[in-house]
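What follows is a set of notes on a single structure, which appears directly below.
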Protein chains: 2
Amino acid sequence: MRERLSGEERRRQIVETAVDLFSRKGFRGTTTREIAEAAGISEAMIFKHFATKRELYSAIIEVKSETEQLLASAAKAARGTHDAEVLRAVGLKMLEQTERDPSLMRLLLFSALEGHELSEIFFESRVRRLHEFLSSYIRKGVEEGRFRPVDSLIVARGFIGMVVHYLLIHEVFGVKRPPRASPEEVVELFVSIFLKGIQR
Amino acid sequence: MRERLSGEERRRQIVETAVDLFSRKGFRGTTTREIAEAAGISEAMIFKHFATKRELYSAIIEVKSETEQLLASAAKAARGTHDAEVLRAVGLKMLEQTERDPSLMRLLLFSALEGHELSEIFFESRVRRLHEFLSSYIRKGVEEGRFRPVDSLIVARGFIGMVVHYLLIHEVFGVKRPPRASPEEVVELFVSIFLKGIQR
DNA sequence: AAGGAGAAAGTAAGTCCTCACATACTTAAC
DNA sequence: GTTAAGTATGTGAGGACTTACTTTCTCCTT
């Protein structure tokens with residue numbers, strides 16, 4: 001036996017372990033036995049904390065839906081002076097966060113593809129809000145005459161798409177990153193293309 | 001009993017049925033029993049044609065890796081006069097194909113996430129070749145002075161990313177398409193942003 | 001301060017069901 | 001009548017979840 005944890009601590013540890021496994025192998029691809037083993041406990045312990053495997057998965061989605069870091073730092077940057085700064089902040093944060101820990105992105109994709117019931121909530125909290133933030137930022141720019149008239153939501157998703165696709169290629173499809181391209185340079189490139197592209 | 005098919009026909013029919021199921025529910029999420037039912041045959045029939053479920057999945061990937069439509073039409077457009085035409089052709093083809101039948105995109109994502117052994121081959125044949133085509137087109141444009149000096153591969157993936165992300169949002173995450181945006185307009189918007197963005 | 005009752009954390013060893021796959025057989029085609 | 005297409009019915013492994021039990025902590029009583 002390893003160590004005895006309090007109910008709450010053990011619960012958190014199970015969730016953490018499960019995040020890792022579910023994000024790498026999906027809901028169906030992960031067995032409760034695996035989770036128990038990776039957490040160093042017996043399977044029964046998992047079912048003391050979560051009635052079903054599905055409930056554990058839902059708990060994960062709920063936990064992962066909470067954090068607000070990205071949006072917060074984007075909003076902060078939005079008070080900055082230049083458009084480039086805002087986009088750079090959003091893009092860099094997405095890159096850095098996902099490269100440090102790709103589990104969120106993989107969970108989002110898995111839960112949508114596998115059709116999990118909470119997938120929508122997950123999407124709303126982690127994705128849509130970012131889209132709407134950027135979209136309204138761009139709409140303002142259009143109104144103020146800095147950008148040409150464009151559909152702000154589609155265009156916002158276009159920018160985010162460049163970054164997400166870059167991450168998809170490297171984190172999901174496993175393409176090796178060329179050493180010449182640092183995150184900063186990549187984001188800078190996307191930002192410059194995008195801004196030139198929507199300016200009057 | 002429905003109808004008796006020749007070996008070859010039955011095999012094709014099984015593959016078709018399985019494409020539909022695997023693309024909607026993934027490899028692990030689909031049972032051989034389901035496939036048999038959907039195809040209107042007994043499970044044993046599947047195993048007459050494919051030794052294992054995995055072998056059936058691999059057969060699907062191989063079949064789906066073959067078609068060349070997108071690249072062909074892109075290459076044709078590349079002989080055209082304007083850069084916008086080339087990008088428009090690529091973007092529109094991607095949109096139209098995926099909207100008509102999202103199974104390819106979903107299979108690509110599923111196989112990469114689930115870590116299927118043939119996922120790489122799949123990616124090479126369907127994705128990488130398109131990236132390389134566009135990348136070399138852009139590199140030429142840079143050399144001829146039409147575009148400013150940029151990393152052509154990263155930039156090509158940026159453009160494709162706008163389109164792929166748009167599809168991801170609507171086909172995988174199930175966001176409803178706003179009726180105001182026709183495929184043509186969306187692609188046109190992405191093309192114009194991108195071209196203005198990389199022009200000198 | 002000791003000690004013991006009760007609660008909370010933990011486990012071993014099932015149960016039952018579903019799944020991939022196998023075997024032995026039947027029906028239809030040329 | 002042989003061969004190819006097809007089925008009904010296993011089977012064994014593995015998966016989610018249970019049950020009955022043990023160990024360890026906590027804290028109240030004397």
Side-chain angles (χ1 to χ4, degrees), chain A residues 1-61 107 110-111 113-118, chain B residues 1-61 107 110-111 113-118:
Chain A
M1 202 180 321
R2 304 293 272 278
E3 54 179 334
R4 200 182 156 97
L5 298 185
S6 78
E8 211 182 326
E9 282 173 317
R10 181 62 78 196
R11 193 188 152 96
R12 252 208 312 280
Q13 187 229 0
I14 292 172
V15 167
E16 261 172 51
T17 310
V19 162
D20 178 55
L21 287 166
F22 282 141
S23 74
R24 284 192 289 118
K25 319 175 55 166
F27 179 75
R28 312 227 191 206
T30 304
T31 69
T32 51
R33 194 164 172 277
E34 272 177 308
I35 298 170
E37 228 163 76
I41 55 176
S42 70
E43 252 183 291
M45 219 36 227
I46 292 176
F47 291 99
K48 281 263 160 75
H49 287 280
F50 306 93
T52 63
K53 184 185 169 190
R54 222 171 178 78
E55 200 177 298
L56 168 57
Y57 196 68
S58 297
I60 283 175
I61 291 188
L107 276 177
F110 258 128
S111 71
L113 284 169
E114 288 180 328
H116 191 279
E117 41 189 333
L118 290 190
Chain B
M1 199 179 321
R2 303 295 272 277
E3 55 179 333
R4 202 180 155 97
L5 298 184
S6 77
E8 211 182 327
E9 282 172 319
R10 182 61 78 196
R11 192 188 153 99
R12 252 209 312 281
Q13 187 228 2
I14 292 172
V15 167
E16 261 172 52
T17 310
V19 163
D20 178 56
L21 286 166
F22 282 141
S23 75
R24 283 193 290 119
K25 319 175 53 164
F27 180 74
R28 311 227 193 207
T30 304
T31 70
T32 51
R33 194 165 171 277
E34 273 177 306
I35 297 170
E37 228 163 76
I41 52 174
S42 70
E43 251 184 292
M45 217 42 224
I46 292 175
F47 291 99
K48 283 262 161 74
H49 287 280
F50 306 93
T52 64
K53 184 185 170 190
R54 215 160 189 86
E55 199 178 299
L56 167 57
Y57 196 68
S58 297
I60 284 174
I61 291 188
L107 276 176
F110 257 129
S111 71
L113 283 169
E114 288 181 327
H116 191 281
E117 41 190 331
L118 291 190

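Just so we're on the same page: letters track the sequence lines, and every chain starts at 1. Worth knowing before you read on, the calculation uses all heavy atoms, side chains too, and leaves out hydrogens, waters and symmetry mates.
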Note to self: Does A:Ile41 reach a base, just sugar-phosphate, or nothing at all? Heavy atoms under 4.0 Å.
What the structure shows: sugar-phosphate

Notebook entry, point to check: More 5' along DNA chain D: A:Ala44 or A:Phe27, using each one's nearest nucleotide?
Noted result: A:Phe27

Check: Do the non-hydrogen side-chain atoms of A:Ile35 and A:Leu56 ever get within less than 4.5 Å of each other?
Finding: yes

Item checked: Nucleotide D:dT7, atom C1' - distance to CD of B:Glu37 in whole Å -> 15 Å

Next item on the list: Report the distance from atom CD of A:Glu55 to atom C1' of D:dA16, rounded to the nearest whole Å.
Entry: 14 Å

Margin query: Is it the case that the base of D:dG15 and the side chain of A:Lys53 share a donor-acceptor contact (distance under 3.5 Å, atom types as modelled)?
Written below: no

Next item on the list: In whole angstrom, give the distance that lies between atom NZ of A:Lys48 and atom C1' of D:dT23.
Entry: 12 Å

Item checked: Residue list, side chain to side chain donor-acceptor pair (under 3.5 Å) with B:Arg28, at least two apart or on another chain -> none

Next item on the list: Quick one: label B:Ile46 by what it contacts on the DNA or RNA (base, sugar-phosphate, nothing), any heavy atom closer than 4.0 Å.
Entry: nothing

Check: CD1 of B:Ile35 versus C1' of C:dC21: gap in Å, rounded?
Finding: 13 Å

Checklist line | Presence of salt bridge, A:Arg12 and A:Glu16, under 4.0 angstrom | finding: no

Check: For the ring-ring contact (aromatic ring centres under 6.0 Å, His included) test, which of A:Phe27, A:Phe50, A:Phe110 pairs with A:Tyr57?
Finding: A:Phe27

Note to self: Is the phosphate of D:dG14 approached by A:Arg33 (side-chain N or O, under 4.0 Å from OP1 or OP2)?
What the structure shows: no

Notebook entry, point to check: Which part of the nucleic acid, if any, lies within reach of A:Ser42 when heavy atoms closer than 4.0 Å are counted: base, sugar-phosphate only, or nothing?
Noted result: base

Next item on the list: Could you tell me the separation between the CG atom of B:Leu5 and the P atom of D:dT3, rounded to a whole number of Å?
Entry: 22 Å

Notebook entry, point to check: Does A:Glu114 have any side chain to side chain donor-acceptor pair (under 3.5 Å) partners at least two apart in sequence or in another chain, and if so, which?
Noted result: none

Notebook entry, point to check: Taking OH from A:Tyr57 and C1' from D:dA16, how many angstroms apart are they, rounded to a whole number?
Noted result: 17 Å

Next item on the list: Would you indicate which nucleotide in C:dA9, C:dA28, D:dT18 comes nearest to any side-chain atom of A:Phe47?
Entry: D:dT18

Notebook entry, point to check: Rounding to a whole Å, what distance do you find between A:Met45:CE and C:dA12:P?
Noted result: 13 Å

Next item on the list: Would you kindly compare A:Ser6 and A:Glu43 by the position of their nearest DNA chain C nucleotide and give the one closer to the 5′ end?
Entry: A:Ser6

Notebook entry, point to check: How close or far is atom P of C:dA7 from atom CD of A:Glu8, stated in whole angstroms?
Noted result: 21 Å

Item checked: Polar side-chain contact B:Arg4-C:dA29 base: donor and acceptor under 3.5 Å -> no

Item checked: Nearest to side-chain heavy atoms of B:Thr52, which nucleotide of C:dG10, D:dG6, C:dC21 -> C:dC21

